[in-house]
Amino acid sequence: MSIVFLNGDYMPVEQAKISPLDRGFLFGDGIYEVIPSYDGKKVGFQAHINRMNAGLKAIGIELNWLDSQWEMLCEQLSEKNGAGPLGIYLHVSRGTDNKRFHAFPENVTPTVFAMVFDIPIPNTPDLATIGNGYALTSSEDLRWQRCQIKSTALLGNVLHFQEGYQAGCQETLLYNSDNELTEASAANIFIVKNGVVITPPLDHQILPGITRRLVIDILMKDGSIKLEERVVTMKEVNNADEIWLTSSSKEISPVTMLDGKIVGDGKVGSVWLQAATLYSKNKFFY
Ligand SMILES: Cc1ncc(COP(=O)(O)O)c(C=O)c1O
């Protein structure tokens, strides 16, 4: 049975109840985080907590938990749920008001909820066993103008994800009205052309993914692969040798089909293998 945390207590998920007047429920008024944890070893813990604190500040939720409180919560949740490969989900909403009114209520206590879910076991990257890679559709990005905030209001992402899902794909790659790559509905995107790894720069159009950050830092430190953070056009995406998705649960995942066409030579690429190997060796140092 899954044990969750709600406002100070651990309990079976079936017993966790919130008011329908919680602003997370009514407005999606909250911030969330997902931290990957393998046998209790977390990846990018501090970066995840920093991003969550930045999100809470950006939308004016005052919580003031110490990093050590979050760490303890993550440790206890993973212990209570079996330590296996887990995504630790942290969620803070603005709290429960006594009415439905858009303005921030005064004197409400934020709701803090946390749970875990299974994530794939990260195998050693291997071209012989990796299989086919992901198939994606693409679509114009119709989400809001503040995608850098990891908001619990995910309807835009959900609708984009569903487009890909209904087309038999695992994700939807998104581009802006200037035909420039933004990200995917639940992951960041990298492309590879002539051995150079390229990813869009951080701005309001994309989430500052922690996996994206780790991949950049690990590749830069290693130095053997050239990397560029710059605007990427959809023409470049469509002519890429490789495309990767990055996220906390998917790590670096290769994409071999986009809009029904093969990416590069249709096989998982050699630069992916090099980057994924570096990532798997170094991810716990961040
Ligand atoms: C829209 C979006 N972009 C990017 C990411 C990847 O972020 P991270 O690497 O921190 O998991 C996610 C993860 O959920 C996401 O929802």
Side-chain angles (χ1 to χ4, degrees), residues 28 30-38 42-56 58 70 74 85-92 114-120 122 134 136-165 170-176 180-191 197 199-219 229 232 237 243-255 275-276 279-280 282-284 286:
I31 295 294
Y32 78 105
E33 207 37 74
V34 176
I35 305 176
S37 172
Y38 303 98
K42 296 180 283 306
V43 176
F45 171 77
Q46 194 59 50
H48 281 282
I49 297 301
N50 292 348
R51 180 174 66 185
M52 188 169 63
N53 286 333
L56 291 170
W70 290 116
C74 291
L86 296 173
I88 304 177
Y89 177 89
L90 309 175
H91 174 127
V92 181
M115 63 177 176
V116 299
F117 56 89
D118 291 333
I119 58 174
Y134 279 68
L136 269 51
T137 47
S138 70
S139 190
E140 183 174 346
D141 196 338
L142 297 178
R143 300 171 303 159
W144 70 329
Q145 300 293 310
R146 301 172 79 181
C147 291
Q148 76 276 22
I149 297 175
K150 200 166 170 67
S151 159
T152 56
L154 284 173
L155 184 57
N157 304 60
V158 165
L159 293 179
H160 278 313
F161 188 89
Q162 185 68 13
E163 291 167 39
Y165 189 72
Q170 294 93 24
E171 250 292 7
T172 304
L173 178 144
L174 302 171
Y175 52 87
N176 65 18
E180 295 161 354
L181 170 67
T182 57
E183 56 179 341
S185 70
N188 291 110
I189 299 280
F190 288 70
I191 67 164
V197 175
T199 197
L202 293 185
D203 62 15
H204 65 284
Q205 301 179 96
I206 69 171
L207 186 80
I210 304 305
T211 320
R212 172 192 178 281
R213 182 75 262 149
L214 298 194
V215 169
I216 292 172
D217 289 351
I218 288 169
L219 293 195
E229 275 182 86
V232 179
V237 172
I243 300 177
W244 312 334
L245 292 172
T246 64
S247 81
S248 293
S249 53
K250 298 187 190 76
E251 302 202 324
I252 314 180
S253 293
V255 175
Y279 186 82
S280 74
N282 292 290
K283 66 186 178 197
F284 290 118
Y286 289 84

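Start at 1 and go down the list; that is how both ligands and their atoms are numbered.
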Engineer: Run the salt-bridge test on Arg51 and Glu33 with the 4.0 Å N-O cut-off and return the result as yes or no.
Structural biologist: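 Counted as a salt bridge, because a side-chain N and a carboxylate O are separated by less than 4.0 Å.
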Engineer: List for me each residue that meets salt bridge (Lys or Arg N to Asp or Glu O under 4.0 Å) alongside Glu251, sequence neighbours excluded, and say none if there are none.
Structural biologist: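 For Glu251, the residues satisfying salt bridge (Lys or Arg N to Asp or Glu O under 4.0 Å) (neighbours in sequence not counted) are Lys283.
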Engineer: In Å and rounded to the nearest 0.5 Å, what is the CD1 to CG distance from Ile189 to Leu245?
Structural biologist: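 Those atoms lie 4.5 Å apart.
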Engineer: Return the set of residues passing side chain to side chain contact (heavy atoms under 4.5 Å, CB included) with Ser247 (not counting sequence neighbours), or none when no residue passes.
Structural biologist: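 For Ser247, the residues satisfying side chain to side chain contact (heavy atoms under 4.5 Å, CB included) (neighbours in sequence not counted) are Ala187, Ser249, Lys250.
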Engineer: Considering residues at least two apart in sequence or located in another chain, which fulfil the salt bridge (Lys or Arg N to Asp or Glu O under 4.0 Å) criterion with Arg143?
Structural biologist: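 With sequence neighbours excluded, Arg143 shows a salt bridge (Lys or Arg N to Asp or Glu O under 4.0 Å) to Asp141, Glu183, given in chain and number order.
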Engineer: May I have the N/O to N/O pairs between ligand 1 and the protein that fall below 3.5 Å, each with atom names and distance to one decimal?
Structural biologist:
| residue | atom | partner | partner atom | Å |
| --- | --- | --- | --- | --- |
| ligand 1 | 3 (N) | Glu183 | OE1 | 2.6 |
| ligand 1 | 9 (O) | Ile210 | N | 3.3 |
| ligand 1 | 9 (O) | Thr211 | N | 2.9 |
| ligand 1 | 9 (O) | Thr211 | OG1 | 2.6 |
| ligand 1 | 10 (O) | Arg51 | NH1 | 2.9 |
| ligand 1 | 10 (O) | Arg51 | NH2 | 3.0 |
| ligand 1 | 10 (O) | Ile210 | N | 2.8 |
| ligand 1 | 11 (O) | Ser248 | N | 2.9 |
| ligand 1 | 11 (O) | Ser248 | OG | 2.8 |
| ligand 1 | 14 (O) | Lys150 | NZ | 3.2 |

Engineer: Just checking Phe117 against Tyr89, ring centres under 6.0 Å apart?
Structural biologist: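 Distance test on ring centres: not under 6.0 Å, no.
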